[in-house]
Amino acid sequence: MIDPGALKTRLTLEAPVETDDGQGGVTRGYATFAKVWAQVAPLGARPNVTADADGAAVRYRIVTRCGYVLTLQHRFVDGSRVYRILSFHPRDGGRFIEIEAELRVE
């Protein structure tokens, strides 16, 4: 059972928006979908190299109230932190949703 008082981090949920790039492809951007209160807890980190840039991938568990449609293409933003959604499942009879997300740190 989740204590609603533990949802103390304000996150912006962003949905993907694709626009025509004029050359037969698309450009993906993100638009604000919702602002939610969440519980954010770190799970662990591992070294990560992306495009020859050293860094780390930090995994987090994010719990929010359920009430919106979520896909793996959505993302959560907290200031300059961008959490990429890896998986999610309902909790407590569908009242909450538990999300495993990843934050890249350089």
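Between Glu100 and Leu43, the closest side-chain pair of non-hydrogen atoms falls below 4.5 Å. Between Cys66 and Phe96, every side-chain heavy-atom pair lies at or beyond the 4.5 Å cut-off. Here the side chains of Arg28 and Val17 are not in contact, with every heavy-atom distance at 4.5 Å or above. Arg91 places none of its side-chain heavy atoms less than 4.5 Å from the side chain of Ile97. Counting heavy atoms from C-beta on, the side chains of Phe76 and Val40 never come closer than 4.5 Å. For the pair Thr64 and Ile62, the minimum side-chain heavy-atom distance is below 4.5 Å. Side-chain contact check for Phe88 versus Leu72: some heavy-atom pair is nearer than 4.5 Å.
The cationic atom of Arg75 (NZ for Lys, CZ for Arg) lies less than 6.0 Å from the six-membered ring centre of Tyr30 and within 45° of the ring axis.
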Derivation of the side-chain contact (heavy atoms from CB on, under 4.5 Å) call for Val36 and Thr12: CA-CA 6 Å; Val36 298; Thr12 301; over 6 Å; no
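Residue Gln39 holds its CD atom at 6.5 Å from CG of Leu7, rounded to the nearest 0.5 Å. Taken from CZ in Phe33 to OH in Tyr68, the straight-line distance is 9.0 Å, to the nearest 0.5 Å. To the nearest 0.5 Å, atom OG1 of residue Thr27 and atom CG of residue Asp20 are 8.0 Å apart. A distance of 11.0 Å separates CZ in Arg84 from CG in Leu103, rounded to the nearest 0.5 Å. Note that OG1 of Thr9 is 9.5 Å distant from CZ of Arg81, once rounded to the nearest 0.5 Å.
A donor-acceptor distance shorter than 3.5 angstrom exists from the side chain of Asp21 to the backbone of Gly25, with no hydrogens or angles considered. At least one donor-acceptor pair under 3.5 Å links the side chain of Thr71 to the backbone N or O of Gln73.
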